[in-house]
Every structure is written in C-alpha cells, then in structure tokens.
2 protein chains.
Amino acid sequence: MLKIIRGDILFAPDKNRYELWEDSYVLVKKGIVLSVVKELPLSCWNQPVEDFRNCLIIPGFVDLHLHASQWPNMGIGYDFQLLEWLKKYTFPLESTFSDMETARKHYESFIHELSASMTTRACILATRHLPATRLLVSMLRESGLGAFVGKVNMDRNADPPLLENTEDSIEETRLLAQEMQEFEQFHPDTLVHPILSPRFVPSTTPELMTALGKMAQEYDLPIQSHLDENLDEIAWVRQLHPGDLDFAHVYERFHLLKPDKTIMAHCIHMTEDEIRLIKDRRIFIAHCPSSNCNLASGIMPLRKYLDNDMLIGIGSDIGGGNTLDMRAHVQLAMQMSRLYYSANRSFKPVSVREAFYLATKGGGRFFGKVGSFEKGYEFDALVIDDGYKKGLPDKPSLETRLEKLINTDNPVLIIKKYVRGKEIQRSSLK
Amino acid sequence: MLKIIRGDILFAPDKNRYELWEDSYVLVKKGIVLSVVKELPLSCWNQPVEDFRNCLIIPGFVDLHLHASQWPNMGIGYDFQLLEWLKKYTFPLESTFSDMETARKHYESFIHELSASMTTRACILATRHLPATRLLVSMLRESGLGAFVGKVNMDRNADPPLLENTEDSIEETRLLAQEMQEFEQFHPDTLVHPILSPRFVPSTTPELMTALGKMAQEYDLPIQSHLDENLDEIAWVRQLHPGDLDFAHVYERFHLLKPDKTIMAHCIHMTEDEIRLIKDRRIFIAHCPSSNCNLASGIMPLRKYLDNDMLIGIGSDIGGGNTLDMRAHVQLAMQMSRLYYSANRSFKPVSVREAFYLATKGGGRFFGKVGSFEKGYEFDALVIDDGYKKGLPDKPSLETRLEKLINTDNPVLIIKKYVRGKEIQRSSLK
C-alpha cells in the first residue's frame, strides 16, 4: 500500500546540502521512501493523500547515546564531575533497578517521554540487571520506536549491589542477545536490537572484555561504550592498563572496536593516535554536548572530526544530559563549536545544516538507511506545525523555519511521528 | 490589606545561602514582604490565605539585558559573529520599527511571551525610534511587569534608516525621559522607568556621549550599554579612540559609568584595568551566556568576577540569546562556567545556588530591594506547580526541586506570577 504525504519537506542527504521541497510529496511503500516529488505522478492521482500542507516534514532525530535508567536523575548533581557523579548519583540509582517495580515505573515514564519527543531512534544503555533490561526491551518494542538496547557490563570498580560476577555478566549478556535474535527470526520487522554495552574500561576486567569481543564476532553484535570523556577517567585507564598506548587501544586490543558497528560516546580528549584509530576502524562518535557541559568534561573538537570525515552522531546522554529534546542537543553542539572557535580560530563553527545532518542521517547511518528521505531510506519522520499550518502570508523560507525550530523554544506541535512508515502513538504531545 | 501566601518557599539572600521554608507563609503588605514564617501569628488567624501548598514559591527572575525589538529574529543568523550579525540581521529588522504597525505587532508578541515567562523585571533596549519606544513603554505599563526601557542612541557607523542626527538623538532622548519622569510624578507606583541606552561606543559620537553623560546627571537617569563582547568590536573601539586606555575607559571619560546605576552587557574580554574600573564604579555586569555562545563571543569568566565581589546579573540578550526562559540562561551560565573550569582549573564552576542568586537578587539589586523575600523586599514571585501539587509521598528536598526546575525542561505550570504584590495577567501559561 502506497503512502503519500504532503507538506514542506526538508532533509540533509549530506552535511553540505539540504534538500528543500516546499509543498511537495513523499511517497512511501512498506515503510521505505520511494521518492520525493513536487507533482504527483498520474498513477497516484486516485490514491489518498495525508495532507499536511504548510507543516514541516523532516526526518526523525537519532539519539546516539543515552542511559534510560538515569532518566529520574536528569538535571541533578551537575555540581560534580564524572567519577564523583557516577558514585554519588548514578550508581545508587542504577542499583534500584534490581527491583522490577522500580524499573517498570522509571522505564514507563522514560518511554512515555521518548515517544512524545522528536526522537525516532535511540542507542540505549540500561543497567547491569537482565530482568529489568528485558522489560525495557519489551516496552520499547511496544512503543514502535527504533532502538539498540544493551545490558550494562561491570565486573570491577563498582560497589556490591552493582558489581557483577564475571561469568554471570558474560552469561546474561549472551542470553539476552540470543533471546533478542530469536525474537528477530520470528519478527523480522522488529525495530529493537541488542548491543553489547561494557560500561567503560575501568568497569570491566580483561577477562570480561575478551569474552565480549568474542561475542561480538560470534553473534554479529554491535557495541557501545565510552571513550575519553574526562581527564581523571583517562588517567585511571592509563593506570589500569599501563601497557596499552591509550584508552582507545585498550578497546582495540580486546576487539571492541568493530568497524561500522561500534559507538563510542564523548571522545573529547582523543590523542592523534586515537583519532587515527577511531577513524580507521570507522567507529561512530556519539557527541554529547549537554552532558559534556553539565559534567565539566570539556568541548569536543567537532569541527576537527567533521572535517576529518569521521562518523559522528549526537547523543542526549541522559542523565548527564538534561533533556530528551534533540533540538536542544543540536543547538548546544553548535554553541559549543562556536565557543571552541572563539578560542581556536582555525576551527570554524559548525553550521545549522551540519548539526542537523549529524542528528539525523549522521547518527542514522548506525541503523542502516535511516535519517534521510532519499530513495530506499526507512521513512522515519516528524510532521511539525511550527505555526504556519494555516498558511500565513509571511511564511519564511524552509531553511529559516528549520533554524527557528532548532534554535528557539517557540512552541511547536508534533502532528505525526513515523518510524519506518508506522505512526508512533503518543499519549502527550511535546 | 495583608496578603498571606502559603507554599514551599525558597530564596537566596546571598550567593552562599538559600532560605528554605517548606510549607510556610510569606506575609506581604502593600506589595512589600513583611516576613516569612513557619507558623502564622495569632493576629493572622482570621485572615484569608492564598493556599499553594506543595507548590514552589520563588522570587521572579530578573532579565538584566534584552533587546525587545529583536524578538522576531530570535534564533536566526547565529552562523555569523557580532558585527556581521548586526549588519545582516539586527539593523535591517530594527529599521522597520519606524512603522508603528510593525512595532505594535512585534512588541505585542514580545510582551505576551514575557508575561507568560518566569521573568518579572527586565532591562530593555528598544530601537532608536521615539514613537515606537513610547508605545513599548505604555504596553509594558499595562502588562504589570517591572522594567527599565531605553530608546537606543546611534549617530554614527550605521546606515541611513537607523542613523540618527546627533541633536535629534539627544533631544528625543531627553523628551522621553522627561515624559516618563512626569508620568512617575502622577503615578508613583509605576514599575516602568527610563534608562539611557547608547548602543555601544562605535555607534555614538563623542558629542552624543558627552550629552548623555550630562543628561544622566541632570535627570538622575541610569544607563545601559555593551562592553567587551567581541574581539573585533574591541579592536574597532581601540581604532576609534586610540587615546583611551581601553573600551571601558571611553565610557568612563564621558561619565557613562555611573556608580550603582549602570549596566554593561557581556564584559567577556575585560583587561585587569577594566575589571578594576568596573568594580570601583560599582557597575552591573549583565552576563548573557546564551548570546555569548550563539555569536561565538566567548566565555565570560563568571567565577573570577563573582569571587571579586562584582555586581552581576543574568540577561537573555534577545535576539542574540535564543529564549526568554531565564531558567535556560541560568543553566547555561553554569554550563559555561563548567567549561571554563575544564580549561582553567583554578576557577571553580558556579553552583546552582550562585547562579540562581544572580538571576534573582543579583540582577534585582539594580531595581532596588528586588529578587528576594527578605523583610522590606518588593514581592515579585512565581508560584510553580512542579508536579508535587497533589503532595506525592516522594517529594524531593526544596533544593533538589529547584535544581530540577532549572536544569531540565520537565513540564511545570506557573500558577501565579506577582510583581510588587500584584498578579500578572497572562493569556497563556508556560
């Protein structure tokens, strides 16, 4: 069945170019974009049209890094930096996810908000708890959103309620992957996939990392973790692994930098060696500007990585980040790049177009053909009334409307939200 | 008539201290705070109480710097820096305020949003146009908000539609001040006051600055302008005034640094000489973090100024800043101080308490006894339902609620908004 959607269509097929289609149509079949056209072809004349004239139609945002379990802590404790913050706020909260009622309450609230938001796909860390992670997976399946979800691994440098036994950690991770892959066999259309999620180098023994590296091969699993977020964290990794060249090369040694299939969050303080390695391995960088401000981690040199043609997306990093609204993260990515420029004039600020690209197709590439309306892409889309639905005469250009959408908190209404062509049910609009 | 208001009361009498009054009462007479008490005194037992149990009651926010006329441009053009941005976006927009219908449309929209926001007082620049500025003044009087409002002066380095004749600029400025002061004689309760507003050094001839310096004395007028926002701007000032020590000393020479009565916006790149001068003259610094990010101006060393006991408030700087929501600016002030710290470890990040103080009493001091609930202060207040109105059992501490209010975009409802004891009418809630 053909789906025809009419409106003011904008997407960024690459970082240097918008496609701008005022009052046009996107044709979708089985969730996949066939084409975007200015005039409907004759063959479509008798087909129903979903008419969103004067509404903005853009690809849904991809949130490349977030901790669903930290949702209740969002906005709290930013007077501390990473390692202290983890100890004082994150770990105590994550411990409570051993209780299924607590997990259900928090995950329900989280998915409610994620559904209402402009995010269509997300890469999510849960906690170390298998039952609670299973619950999150099943709730995400129901939501219709697209996601990679990982049970966190941590078998050292944690306090007992969160500390795992190495064997259990490996076994539970394997079990979840097997279950989810079996589910995929019976539901090939599922949008929720497993991802290996070692917390970060200091939380995982060499034995555990070895096993996860092997598992990634054996089960063809993607991987997500953290890299070079904070200077104390980096010093700690150096202390734990004095034989390795740097933080990134620890992951490399354990085969945890799987080409095209790995996300490393933050990557603020990478050495030139690390930059080379991350680029060579085609690792996705999840840039998390809000979290990096909140925890005083520093400014990632986004322009440098962008001009180096590295794979980059944007992450909210809830709870280090303080909103699920990806527009705020796109905005802050630009603001931080401007501050970086103000101190290092050789790195030009990142433009609205570049930042928008990163938050749609940039991160979307991790999911396959996602984040654009080019032919063959999965139709993840937002239909937004940004105040011109009634067709005011002074409607600005499509580019300016996107700029306003991202740069201000002007009230807008999400009229529809699609993931692979299916509408997402939202109990509240945001 | 005594006003008694009940709720969870929080305010910061100084930067190092909160007053936390859970389920307490604030007693207000003729718009002035008498006291905050845990138990009502006997004499009040038969008085009506405005009962906002479980709601947060905090001082209204003070926006120490904004351009009302730039409201329609908010969020646009941030790919440029200050001088280019002024030329491409700001000046063309401000030119249109010669037309009163245009001015009315934009100012109506602006005041509608300001009324709905958490701001109770603001220091506002209009445009160079006397009629449109008069209109803004009368609309602000009607709104019930507190404000200083200035007609902008610019008699050089502008294009003709905005460029003023020096004499006209002086005369129109004097006229507006006289009119507003006359109005004050008949309406001593008015909350809207005049303020001299030379745009910045490059826009004003020595002749104009001389006249404004004299006018400030003669009519006892406060002053607002811009200082050390952008490196190109600073170089330009140096070029225009090679005989002066620096940017700030140009203002000083023309008697435009009036002790306790002057606001200088931005103050990012001050030299040690300038810091000394600004401190000695007791000049208010309007810290505008959002604008400073958006226009790549740089990070103001907030911690340095704060520890140096300078007078500081926070400004949205619409349209360089991209929201009227002062919470976002408080949040960004902290985020930028954390980034500053991440590069200069000797300057500790600014805490939630310090930033909240700056956005309430810090800027409020420019208005007199404003921004606190201490005895004798004008009762500017926000009553906020932050989700606990029904009294959930897991209500967090008052401090944590404030932290969440400022650090997240969790939905909250402004139940009431008072300025000097009078409720502000808002046609929409935010």
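Residue numbering restarts at 1 for every chain, and letters A, B, ... go by the order of the sequence lines.
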Problem set entry | Contact check, side chains of I76(B) and K404(A), non-hydrogen atoms, under 4.5 Å | yes

Exercise. Taking C-beta and beyond as the side chain, do R345(A) and L231(B) meet within less than 4.5 Å on heavy atoms?
Worked result: yes

Seminar exercise, completed: Under 4.5 Å to a heavy atom of chain A? For S351(B) that would be both

Seminar exercise, completed: Cut-off 4.5 Å, heavy atoms of chain A, and the answer for L332(B) is side chain

Exercise. In terms of heavy-atom proximity below 4.5 Å to chain A, should I406(B) be classed as side chain, backbone, both, or neither?
Worked result: neither

For this session: Answer with side chain, backbone, both or neither: which region of R353(B) has an atom nearer than 4.5 Å to a non-hydrogen atom of chain A?
Result: neither

Exercise. Roughly how far apart are T408(B) OG1 and N73(A) CG, rounded to 0.5 Å?
Worked result: 12.0 Å

Exercise. Which one of V350(A), V352(A), L405(A) has the most heavy-atom pairs closer than 4.5 Å to chain B?
Worked result: V352(A)

For this session: Might you confirm whether atom NZ of K395(A) has over 12 heavy atoms from other residues, nucleotides or ligands at distances under 6.0 Å?
Result: yes

For this session: With a 4.5 Å cut-off on heavy-atom pairs, point out which of K348(B), Q335(B), Q81(B) contacts chain A the most.
Result: Q335(B)

Seminar exercise, completed: Counting heavy-atom pairs under 4.5 angstrom with chain A, the leader among S342(B), C293(B), A328(B) is C293(B)

Problem set entry | Best-contacting candidate, M334(A), E403(A), Q331(A), M336(A), against chain B by heavy atom pairs under 4.5 angstrom | E403(A)

Problem set entry | Closest-packed option against chain B by number of heavy-atom pairs under 4.5 Å, given T400(A), N294(A), L295(A), I299(A) | N294(A)

For this session: Please round to the nearest 0.5 Å and tell me the distance separating atom CG of D394(B) and atom NZ of K105(A).
Result: 5.5 Å

Problem set entry | Region of Y78(B) in contact with chain A, defined by heavy-atom distances below 4.5 Å | both

Problem set entry | Rounded distance [0.5 Å steps], CG in N410(B) versus CG in N322(A) | 9.5 Å

Exercise. In terms of heavy-atom contacts, does CZ of R303(B) have more than 12 from other residues, nucleotides or ligands at under 6.0 Å?
Worked result: yes

For this session: Counting only heavy atoms closer than 4.5 Å, note whether N292(B) contacts chain A via side chain, backbone, both or neither.
Result: backbone

